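Written below as structure tokens is the structure these notes are about.
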Amino acid sequence: MPGYEFFGEEERKEVNDVLNTGIIMRYGFDPLRNGNWKAKELELAIREAFGCAHAHVVANGTAALTTALAALKIGYGDEVIMPCFTFVASFESVLSVGATPVLVDIDDSLTLDPEAVRKAITPRTRCIMPVHMCGSMADMDALQQICEEHDLLLLEDACQSAGATYKGKYLGTIGDAGTYSFDFVKTITCGEGGAVVTNQPDIYLRCDAYADHGHDHAGIDRGADMHPFIGYNYRISELHAAVGLAQIKKLNQFLSVQRRNHAILKEALREAPGISFRTIHDSEGDSCTFLTWFLPSEEITQATVKELKAKNQIAGNFYWFVNNWHYIRKWDHLKNATTLNALHPDLKKEVIHHANKDFSSSDAIMSRCISTAISLSATEAQLKEKGEQITAAIRKATAAR
Ligand SMILES: *Cc1c(COP(=O)(O)O)cnc(C)c1O
């Protein structure tokens, strides 16, 4: 997943363009910037890379989600259906616009279970927010169908899956809006950065204004801009955008290395007893940031993790079931609705309700699931060695049962 592994001259050149003028803000100062518009160039590069009509770059992926939700006019009283396996940013952004995060089960694609989505729909549901976790896709045909039947918005959290596709379309560009994160550990990085993409001009214009205090950006004098609605400041700096511009030019290279390394590791795990792999709804479109695999039982999985830890080989292997940041089980702050500032009491009740539902069918999947991160810089020999280590750990864990 991490573009930071291939960091070098290209990033330095783009950043130096900005440092040479000292104009590190993305708006204004036209005569002083020597033609450098890195955020704008990054937006153009995103549109070209992912084949969408509009892109707006912001400070990070969480800001991108918040901006997208606001631009979709989602707020108090609205329910947003999202998966119980994601990064905390997904529900943080829903709460930040005052809406209710309705968490539901995932299936063995590690993304929204369409049946669980259907069951969660109420008259207040406004939006379905699939999260394309760990480099590959939710079942977009099924989710689009549900959105059409119930007249719902579709917002794709593609923060972990820039460059992945579903039936030929880039993840993020299929729904009403989509978001990417360019934080330090994502497929491409700005250091800190993110983007909203959409094919609908009105949604784009709202994002463009919302992320900059509501500026309508109608003229070249910022002070004379109008503020059609209240916004926030989620701007990216030119320095961060410059890094992202260098990185997106290398995206296809990253993807091809990831896909090659993924295939080598998968082959090396073929003989592991009882192993099976994540359902990928369109295997050609997998960006291959992770190889995700299952073992037959929670017990064997726990024993495998223990064995990898004992041998100091756990690095790069993620057992999400016990992870504090990615799975409902450890989100006590959400289950208790612990916030610094008061939530409306009705919202608080709903947050607590939805976070404390029965997620046993997701538990049955996540307790047997491990994702191995695909490093860009790993050699074939290192990948094979990793595969052998994991296979040995699984063998030992299995034999002991
Ligand atoms: C990283 C991530 C985000 C948020 O991105 P940041 O740039 O770190 O704010 C949102 N959703 C998912 C699924 C992520 O992995």
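Atom set for the values below is all heavy atoms of this structure, side chains included, hydrogens, waters and symmetry mates excluded. Since we're looking at a predicted model, the values are computed, not measured. Read the numbers this way: they start at 1 and go in the same order the structure lists the ligands and their atoms.
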*Counting from 1, what ligand 1 atoms have a heavy atom of D157 closer than 4.0 Å?*
10 (C), 11 (N), 12 (C), 13 (C)

*Are D282 and M137 close enough, and set up right, to give a side chain to side chain contact (heavy atoms under 4.5 Å, CB included), and what steps lead you there?*
CA-CA 8 Å; D282 175 2; M137 68 295 292; 4.0 Å; yes

*Which one holds for E192 and ligand 1: side chain close, backbone close, both close, or neither close, with close meaning a heavy atom under 4.0 Å?*
neither

*asked:* Quick check with a 6.0 Å cut-off and a 45 degree axis cone: is R33 positioned over the face of W37's six-membered ring?
replied: yes

_Audit row: F290, M133, side chain to side chain contact (heavy atoms under 4.5 Å, CB included) steps and yes/no_ = CA-CA 9 Å; F290 286 88; M133 279 301 271; over 6 Å; no

*Taking the six-membered ring of F321 as reference, does the NZ or CZ atom of R329 fall below 6.0 Å from its centre and within a 45° cone about the axis?*
yes

*Candidates D212, D216, D30 - the one meeting salt bridge (charged side-chain N to carboxylate O under 4.0 Å, His left out) with R222*: D212

*Going by the atom numbers of ligand 1, which of them fall below 4.0 Å from some non-hydrogen atom of V131?*
13 (C)

*Ligand-residue contact atoms, ligand 1 with N60, heavy atoms, under 4.0 Å*: 7 (O), 9 (O)

*Check salt bridge (Lys or Arg N to Asp or Glu O under 4.0 Å) between K266 and all other residues, then give those that pass, not counting sequence neighbours.*
none

*For A89 and ligand 1, does the shortest N/O to N/O distance drop below 3.5 Å?*
no

*T86, portion touching ligand 1 at heavy-atom distance under 4.0 Å*: side chain

*Of all the heavy atoms in K186, does at least one lie under 4.0 Å from an atom in ligand 1?*
yes

Which atom pairs, donor and acceptor, lie under 3.5 Å between side-chain atoms of residues 239-251 and protein residues at least two apart or in another chain?
| from | atom 1 | to | atom 2 | distance (Å) |
| --- | --- | --- | --- | --- |
| H240 | ND1 | S237 | OG | 2.7 |
| Q247 | OE1 | T189 | N | 2.9 |
| Q247 | NE2 | G3 | O | 3.1 |
| Q247 | NE2 | E11 | OE2 | 2.9 |
| K249 | NZ | E14 | OE2 | 3.1 |
| K250 | NZ | F6 | O | 2.8 |
| K250 | NZ | E10 | OE1 | 3.2 |
| K250 | NZ | E11 | OE1 | 3.1 |
| K250 | NZ | E11 | OE2 | 2.8 |

_Closest protein heavy atom to atom 9 (O) of ligand 1, given as residue, atom name and distance to 0.1 Å_ = T62 OG1, 2.5 Å

_Residue selection (non-hydrogen contact nearest atom 12 (C) of ligand 1) among C159, P83, A63, S93_ = C159

*asked:* Which of the numbered atoms in ligand 1 are under 4.0 angstrom from any heavy atom belonging to D183?
replied: 1 (C), 6 (P), 7 (O), 8 (O)

